[in-house]
Amino acid sequence: MDAFKENLISLITSFIREKNKQDIDREEAEKLIKTPPDASYGDYSVASYYLAKYGFKGKTGDVASEFLNYAQTNFEQIKDFFSKIEIKGPYVNFFVHKEKFIRVIVEDVLKHDNDYGRSLPRKPEKVIIDFSSPNIAKPFGVGHLRSTVIGMSLANIYEFCGYNVLKINYLGDFGTQFGKLITAFCRYGDIDFHEFEKDPIKALYGLYVRIHKEAQTDLSLEEDARLNFKRLEENILKYRRALEKHLENLQNSANIQKKEDECPDIKITAENKSAFCGTGTGQYDIWRLFRSLSIEEFKRIYNLIGISFDVYEGESQSAEFANEVVEILYKSGLAAESEGAIIVPLKDMKTPALIAKSDGTSLYLSRDIVTAVLRMAKYNYDKMIYVVGSEQSLHFNQLFNIFDILRDNKDIPNNNPIFQKYASSVSGRLVHVKFGRIIGMSTRKGNLVFLEDYIDEAKAKAMEKIAGIAKDDKLSLEMPPTAKVNPSYEQKEIEDIALKVGLGAVIFNDLKTRRNTDVNFNWDNVLSFEGQTGPYLQYTAARIGSLIDKLGGLPEKPAGAESEGVYRIRREDEDFSDIYNIAKQISLFGDNIQGALNLNEPSVISSYILELASLFNKYYQNYRLLGRDYEYIKPRLYLLAAIKIVLINALKLLCIPILERM
RNA sequence: GCGUUCAUAGCUCAGUUGGAUAGAGCAACAGCCUUCUAAGCUGUGGGUCGCAGGUUCGAAUCCUGCUGGACGCACCA
């Protein structure tokens with residue numbers, strides 16, 4: 001927060017304390033300060049009707065005068081920051097010393113650099129962010145991209161704000177669907193094993209689609225799949241460890257984790273396939289192979305889009321203990337049998353939660369109960385965020401509800417020390433960060449879109465742009481290739497820029513709107529690089545960098561007292577008010593990061609940074625710096641550097657690649 | 001049927017958590033590159049904030065009802 005606002009907060013708190021003997025904390029006071037809708041009203045305003053809450057019951061006009069009077073007579077230091085204070089209706093409007101404001105903000109940004117915008121929490125909390133979580137039986141599509149980039153961005157934001165963040169990818173590697181997959185793999189005799197090695201995900205998806213289609217007419221397939229899943233789960237249980245042992249291993253070293261992720265030495269060929277399919281352990285090996293091949297492929301894609309995880313987990317790891325938890329709940333009477341399945345009646349919810357199927361196998365929900373408890377034992381989190389689509393709201397409500405029940409029933413009989421110790425403390429720490437669906441998503445050919453193809457498409461579009469070739473005939477006539485738009489690049493650099501621009505477009509497209517709204521998918525919107533897009537932001541940052549270079553580079557940062565003159569931009573200069581607007585926008589960065597954090601909403605930062613980029617581009621277009629006196633240029637160089645720092649800090653939070661030139 | 005959620009310019013979306021005159025970007029039209037990157041900038045047109053009530057000094061924002069869409073609702077995840 002800037003010194004100007006700090007000062008106003010002090011004014012408000014002391015006004016309320018002296019006049020009405022009430023204490024108001026600084027956060028409350030900050031909420032009373034608003035930015036007027038139009039700059040001609042002032043830079044900050046305090047609305048007197050808000051003060052009624054703190055004991056000022058008079059007419060709003062009278063309260064406003066009282067406040068103004070107090071500010072002028074009892075709060076001398078206010079004059080150091082504000083040049084004018086005036087009343088307009090119920091509002092008391094403050095006008096800052098603009099020269100000073102610009103100076104203070106620019107200096108502040110340069111001083112903090114990569115850390116600008118950061119504010120540390122009172123006590124650092126441990127936050128787990130569970131996101132992306134692709135399903136091994138399904139393609140990594142655009143729906144998963146949303147969870148992936150929202151989760152990654154939230155992780156960046158929490159980390160930036162001083163939280164201890166753990167990024168977990170909870171792979172969908174279990175469930176009846178894998179019974180289906182095994183059924184498909186074993187049933188079809190025409191599997192191309194070469195294709196399988198080359199692109200396992202696509203091959204698996206092929207199987208998935210095929211079996212689903214066939215299952216609609218051949219009902220025995222479903223039956224077969226369920227049976228195969230039951231066998232799979234039984235095999236997992238065969239290797240089941242004691243819960244404590246499991247945790248001990250996990251905590252002991254990263255090696256265990258690594259070992260579990262490693263590709264098992266399993267080779268399945270057309271010749272030996274039937275041997276694998278014939279036994280339960282053989283099927284278990286098939287599943288293990290599918291799983292590890294998929295994880296490798298996922299990692300390759302994450303690497304491509306610049307995203308990383310601290311931990312890869314899978315549902316199968318929780319499946320080991322799901323039955324045990326179901327048993328505890330059942331024995332304690334919190335769960336009951338219904339139509340052969342096990343259910344938990346919930347508080348304030350009509351439909352009970354189903355935690356075990358009638359054939360005894362586990363469900364998503366029961367595995368999630370285990371996972372949350374295990375993670376509590378392992379990481380002792382203060383908060384765990386699930387970044388999952390809104391269509392799973394009911395599931396998470398059920399999950400949270402069950403933990404509320406466990407909190408209220410701490411003493412249920414059970415002989416599992418881990419569950420006993422941690423299950424009751426999970427309640428209240430889980431958050432479902434949901435997001436809307438993407439509607440009408442399909443390739444131009446009409447199928448579901450794989451992430452990589454999606455990125456390729458964006459990259460190709462960027463290539464065209466760089467090469468100055470427009471697809472549209474009309475455009476290509478009007479837009480000859482120009483060296484000016486695209487300085488001569490090496491082919492390799494073109495590829496690199498195109499990929500980053502493509503990623504910028506695709507990622508920003510998922511982060512620019514509020515999570516909750518469903519987005520109508522439209523190729524033209526995603527592949528647009530103009531206006532409110534990622535490339536616009538990347539372009540703006542690159543442009544500033546280029547401008548700074550052209551102006552001779554950023555001089556040494558002045559230190560301390562000397563700085564006043566150096567950063568000074570004069571009131572009389574023609575660009576003064578535009579620069580002030582930029583400084584004003586810069587000063588709001590920290591507030592916007594906090595807003596994004598509080599709402600778990602990266603789009604707050606997106607909107608903010610688009611506005612800053614727009615202000616800069618207007619400035620750039622309206623005022624020319626090259627060729628001016630260095631005296632004039634110098635303070636503006638610092639300003640440019642400050643804008644660039646904020647842009648880059650924001651782009652990093654949004655997982656958008658940064659380019660030096662484009 | 002029940003639950004969740006959404007409805008703002010032709011399209012995609014913001015809207016400081018109830019405050020001053022509802023804003024951007026696309027698209028359309030008219031302009032701006034021998035001069036700092038035109039992935040940019042300037043201007044014009046475009047609104048019954050789904051509809052109807054209510055709450056109060058004040059509503060796009062809160063409450064109720066209605067209409068319309070999306071999603072979910074017992075052995076998928």
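Quick note on labels: first sequence line is chain A, next is B, and so on, each numbered from 1.
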Q) Are A/Tyr620 and the base of B/G40 stacked, counting only ring centres nearer than 5.5 Å and planes tilted under 30°? A) no
**Q.** Near-ring test A/Phe229/A/Phe174, centroid separation under 6.0 angstrom
**A.** yes
Q) Taking only side-chain nitrogens and oxygens of A/Arg367, does any of them come within less than 4.0 Å of OP1 or OP2 of B/A77? A) yes
(Q) Using a distance-only criterion (donor-acceptor N/O pair, under 3.5 Å, no hydrogens), is the base of B/G40 paired with the side chain of A/Gln621? (A) yes
Q: Grab the CG-P distance between A/Leu554 and B/C36 for me, whole Å please.
A: 21 Å
Q.
What's the gap between B/G1 and B/G25 when it is taken at their P atoms, as a whole Å value?
A. 43 Å
**Q.** Worked verdict on A/His395 versus A/His432 for side-chain contact (heavy atoms from CB on, under 4.5 Å)
**A.** CA-CA 10 Å; A/His395 166 75; A/His432 178 202; over 6 Å; no
Q.
What is the distance, to the nearest angstrom, from the CG atom on A/Asp524 to the P atom on B/A28?
A. 12 Å
Q: Starting at atom CD1 of A/Ile497, determine the distance to atom C1' of B/U37, rounded to an integer number of angstrom.
A: 11 Å
Q.
So that I can tick it off, tell me whether A/Glu30 and A/Lys5 are bridged by a salt bridge, with the cut-off set at under 4.0 angstrom between side-chain N and carboxylate O.
A. yes
Q | Ionic contact status for A/Glu530 with A/Lys465, cut-off 4.0 Å | A | yes
Could you write out each protein N or O paired with an N or O of nucleotides 9-12 of chain B at a distance under 3.5 Å?
residue : atom : partner  : partner atom : Å
B/U12   : OP1  : A/Asn520 : ND2          : 3.1

Q | Whichever of A/Gly531 and A/Pro37 has its nearest RNA chain B nucleotide further upstream toward 5' | A | A/Pro37
**Q.** Centroid under 5.5 Å and tilt under 30°, A/Tyr49 to B/G19
**A.** yes
Q | base_contact_polar (B/A77 base, A/Asp173 side chain, donor-acceptor, <3.5 Å) | A | no
Q: Would you indicate what A/Thr351 reaches in the nucleic acid, counting non-hydrogen atoms under 4.0 angstrom: base, sugar-phosphate, or nothing?
A: sugar-phosphate
Q.
Counting only side-chain nitrogens and oxygens, does A/Tyr536 get under 4.0 Å of the OP1 or OP2 atom of B/C41?
A. yes
Q: Counting heavy atoms from C-beta on, name the nucleotide in B/A77, B/A70, B/A14 closest to the side chain of A/Ser607.
A: B/A14
Q | Integer-rounded Å distance: B/A74 P and A/His395 NE2 | A | 15 Å
(Q) Of the options B/U16, B/G40, B/G19, whose atoms approach the side-chain atoms of A/Asn617 most closely? (A) B/G40
**Q.** 5' precedence on RNA chain B between A/Ala47 and A/Glu530 (nearest-nucleotide basis)
**A.** A/Ala47
Q | N-O pairing of A/Glu222 and A/Lys180 below 4.0 Å | A | yes
Q: Pick base, sugar-phosphate or nothing for A/Tyr608, based on heavy-atom distances below 4.0 Å to the nucleic acid.
A: nothing
Q | Ionic contact status for A/Lys230 with A/Glu233, cut-off 4.0 Å | A | no
Q) For B/C71, does either OP1 or OP2 sit under 4.0 Å from a side-chain N or O belonging to A/Arg437? A) yes
Q | Atom-to-atom span, CG of A/Asp348 to P of B/U4 - whole angstrom | A | 12 Å
Q: Flag yes if more than 12 heavy atoms outside A/Glu631 fall under 6.0 Å of its CD atom; otherwise flag no.
A: no
**Q.** Nearest-nucleotide pick for A/Tyr91, side chain only, options being B/A20, B/A39, B/U4
**A.** B/A20
Q) Using atom C1' of each nucleotide, how far apart are B/C41 and B/A22 to the nearest Å? A) 25 Å
Q | Whole angstrom value for the distance that separates C1' of B/U42 from CG of A/Asp578 | A | 13 Å
**Q.** Integer angstrom distance from the P of B/C13 to that of B/A52
**A.** 25 Å
Q. Among B/G19, B/A77, B/A14, which is the nearest nucleotide to the side chain of A/Arg514?
A. B/A14
**Q.** Whole-Å gap separating C1' (B/A39) and CG (A/Leu651)
**A.** 14 Å
(Q) Would you say the ring centers of A/Tyr91 and A/Tyr41 fall short of 6.0 Å from each other? (A) no
Q. Whole Å only: how far is the CG atom of A/Leu537 from the P atom of B/G40?
A. 10 Å
Q | Nucleotide nearest A/Ser45 (side chain, heavy atoms from C-beta), chosen from B/C36, B/U5, B/A20 | A | B/A20
Q.
Measuring only the P atom in each nucleotide, how far is B/G72 from B/A38? A whole number of Å is fine.
A. 47 Å
Q: Name the closest nucleotide to the A/Leu394 side chain, picking from B/U37, B/G72, B/A39.
A: B/G72
Q: Test A/Ile355 against A/Tyr330 for side-chain contact (heavy atoms from CB on, under 4.5 Å), laying out the working first.
A: CA-CA 10 Å; A/Ile355 56 171; A/Tyr330 183 70; over 6 Å; no
Q. Paired stems touching RNA chain B, three or more consecutive Watson-Crick or G-U pairs with both distances under 3.5 Å?
A. B:1-7 with B:67-73, B:10-13 with B:23-26, B:28-32 with B:40-44, B:50-54 with B:62-66
